[in-house]
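The structure under discussion appears below in the form of structure tokens.
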Amino acid sequence: MTIAETRPENAAVNDVSQLERLKVLNNGKKVSLTFSDAEFERRLAGLRRIMAEKELDAVVLTSYHSIKYYSDFLFTYFGRSYAMVVTAEDTVTVTANIDAGMPWRRSYGDNLVYTDWRRDNFIFGIQEVLRSRGINVRRLGVEDDSLPLDNRNKIQAAFPDAALVDVAQSAMRQRMIKSAEEIEVIKHGARIGDLGGEAIRNAITAGITEYEVALIGTEAMVHEIARTFPDSEIRDTWVWFQSGINTDGAHNWATTRKIQEHDILSLNCFPMTSGYYTALERTLFYGEPDARSLELWNINVEVHKRGLELIKPGAVCKDIAAELNEIYVGHRLLPNRTFGYGHSFGVLSHYYGREAGLELREDIDTVLEPGMVVSMEPMITVLDGQPGAGGYREHDILVVGEDGAENITKFPFGPEYNIIGA
């Protein structure tokens, strides 16, 4: 069977063994994608330059972030594997039959569907894409940072004479510089995060649970995403709203805990637009904070303000971290830090993606360049039972330009705005 073959619509099938291993299932019409065709061609041209540098015959992408970045298709794993095969001439996503024609409709390039009716049809689909194009694979690009060892071994067995070459780090470097189209999406995301923050701030009252507040913020953001991006999938937007002891970690999910007077609160809005993550994070108090809590909050705000000043073209990630560390040292709070000072934005979520080469940490020597988008998000945690117990953090998003950086987060931070009357 070739890729182009499809079974006649009413053909009699009496046994599962007669069903196709692979299908072309171009059902319906292509929808409007997040970005222009020219933008996807720009991205693919960058990947093909990587292929040329590494002397690759093709690349098999398998991560959420790379498949999304180069095709606009964001898959749902559910125990099935997905790929995007990129050659010098074209691209093909290899997707599971359970998704039917949706991956083709929502992707740039061609699509091949594999079925469940025989084991390892996914690997067979990758083989068939390359075989049908007459490509004799000697060097094949893969993503070693996110390719399960089992699938890597199967790909190697399918192409026994080929060397598998990692492209993950090079592709990450390409994603770190955002295009004008990407920055426009990110700016909308920051604006929508601010709207979610306002909805949350207005909902805070004694006795309301964390999860109820989170739902209010999420709903406000989802409605605005649908209004702003009417052709997009509506998925993955969420809120972490934390109170009291639950503020100690930045990634603590909302619980059934009820807000009480004098609680420290953490507002964390994450609007997701077509796989693109943005965030708003703020410390708040419900009622007047005690003296130590206010002191700690103001120290963290001091670090945050200085960090915003340091983000500009030519700055080195590790140097930013080192200078901000000195402020904490002066207040004897360096051991209370919980993570790095910021990270890159783009195709990112809590379950996929990470441009680890662009983080404001002591071990990263990347130089900030125009087109990079980074956060400033200092955090300290004081453990339960100590004066001022809780987690303090602020979070803004900045777009690095030629002469400085634009802060695209507009929701105000600090005690002047975020003490809510009990």
Side-chain angles (χ1 to χ4, degrees), residues 39 42-43 45-47 49-50 53 65 69 145 167-191 193 276-281 299-331 334 337-348 353-380 393-414:
E39 170 67 6
R42 181 194 69 82
R43 297 177 183 190
L47 181 58
R49 284 193 292 272
I50 295 169
E53 291 167 2
H65 40 281
Y69 183 76
D145 66 342
V167 298
Q169 300 307 309
S170 298
M172 176 189 70
R173 177 67 193 180
Q174 181 187 351
R175 297 196 311 273
M176 283 162 48
I177 305 295
K178 313 303 176 195
S179 69
E181 290 189 33
E182 287 181 281
I183 290 171
E184 184 67 17
V185 169
I186 292 169
K187 285 183 174 181
H188 276 298
R191 175 183 61 81
Y276 274 70
Y277 163 103
T278 49
L280 168 70
E281 300 180 8
I299 291 168
N300 207 55
V301 166
E302 176 189 353
V303 174
H304 185 59
K305 288 179 176 178
R306 181 55 182 153
L308 295 174
E309 295 171 349
L310 292 173
I311 294 177
K312 53 191 172 184
V316 181
C317 291
K318 65 182 181 181
D319 293 344
I320 294 173
E323 180 166 339
L324 298 181
N325 281 344
E326 289 305 310
I327 301 176
Y328 283 133
V329 168
H331 293 286
L334 187 63
R337 280 190 59 204
T338 62
F339 55 82
Y341 287 105
H343 58 79
S344 181
F345 280 77
V347 183
L348 170 70
R354 191 80 172 171
E355 290 162 16
L358 184 49
E359 297 199 17
L360 305 182
R361 297 190 335 196
E362 293 79 0
D363 59 339
I364 303 295
D365 57 9
T366 301
V367 178
L368 298 187
E369 301 176 30
M372 291 180 171
V373 182
V374 295
S375 60
M376 174 48 56
E377 48 180 308
M379 179 176 179
I380 52 172
R393 65 183 175 277
E394 313 295 343
H395 180 297
D396 288 27
I397 302 172
L398 297 98
V399 178
V400 181
E402 295 292 337
D403 302 314
E406 177 188 0
N407 189 338
I408 61 174
T409 300
K410 306 304 180 185
F411 193 100
F413 58 84

Give a yes or no answer on whether the side chain of Thr366 reaches the backbone of Gly357 with a donor-acceptor pair at less than 3.5 Å.
yes
Please test Arg49 against Gln174 for side-chain contact (heavy atoms from CB on, under 4.5 Å), starting from the C-alpha separation and ending with a verdict.
CA-CA 11 Å; Arg49 284 193 292 272; Gln174 181 187 351; 5.8 Å; no
Glu184/Lys187 salt bridge by N-O under 4.0 Å criterion
no
Atom pair CZ/CG of Phe413 and Leu308 - distance to nearest 0.5 Å
5.5 Å
Using side-chain heavy atoms (C-beta onward) and a distance below 4.5 Å, is Leu324 in contact with Met376?
yes
What residues, two or more places apart in sequence or in another chain, satisfy side-chain contact (heavy atoms from CB on, under 4.5 Å) together with Lys410?
Asp194
Between the side chains of Arg43 and Glu182, is the shortest nitrogen-to-carboxylate-oxygen separation below 4.0 Å, so that they form an ion pair?
yes
Are His65 and Met172 close enough, and set up right, to give a side-chain contact (heavy atoms from CB on, under 4.5 Å), and what steps lead you there?
CA-CA 9 Å; His65 40 281; Met172 176 189 70; over 6 Å; no
Paired with Glu369, the salt bridge (charged side-chain N to carboxylate O under 4.0 Å, His left out) test is passed by just one of Lys178, Arg173, Lys312, namely Arg173
Working to the nearest 0.5 Å, report the span between CZ of Phe411 and CD of Glu394.
10.0 Å
Contact check, side chains of Glu377 and His343, non-hydrogen atoms, under 4.5 Å
yes
How about His331 and Ile327: do any of their side-chain heavy atoms sit closer than 4.5 Å?
yes
Non-hydrogen side-chain atoms of Val303 and Ile380 separated by less than 4.5 Å
no
Taking the side chain as every heavy atom from C-beta outward, state whether Asn300 and Tyr328 have any atom pair closer than 4.5 Å.
yes
Would the number of heavy atoms belonging to other residues, nucleotides or ligands and lying under 6.0 Å from CG of Asp403 be above 12?
no
May I ask you to decide if Ile397's main-chain N or O and Thr409's side chain share a donor-acceptor pair within less than 3.5 Å?
yes
Intermediate values then yes/no, side-chain contact (heavy atoms from CB on, under 4.5 Å), Val347 and Tyr276
CA-CA 5 Å; Val347 183; Tyr276 274 70; 3.5 Å; yes
Of all residues at least two apart in sequence or in a different chain, which pass the side-chain contact (heavy atoms from CB on, under 4.5 Å) check with Val399?
Ile183, Val373, Ile408
Between Phe345 and Ser375 the two heavy atoms that sit nearest each other are CE1-CB, 3.2 Å
Using the benzene-type ring in the case of Trp, are the ring centres of His395 and Phe339 under 6.0 Å apart?
no
Apply the side chain to side chain contact (heavy atoms under 4.5 Å, CB included) test between Leu368 and each candidate in Leu398, Leu358, Val316; give the one that qualifies.
Leu358
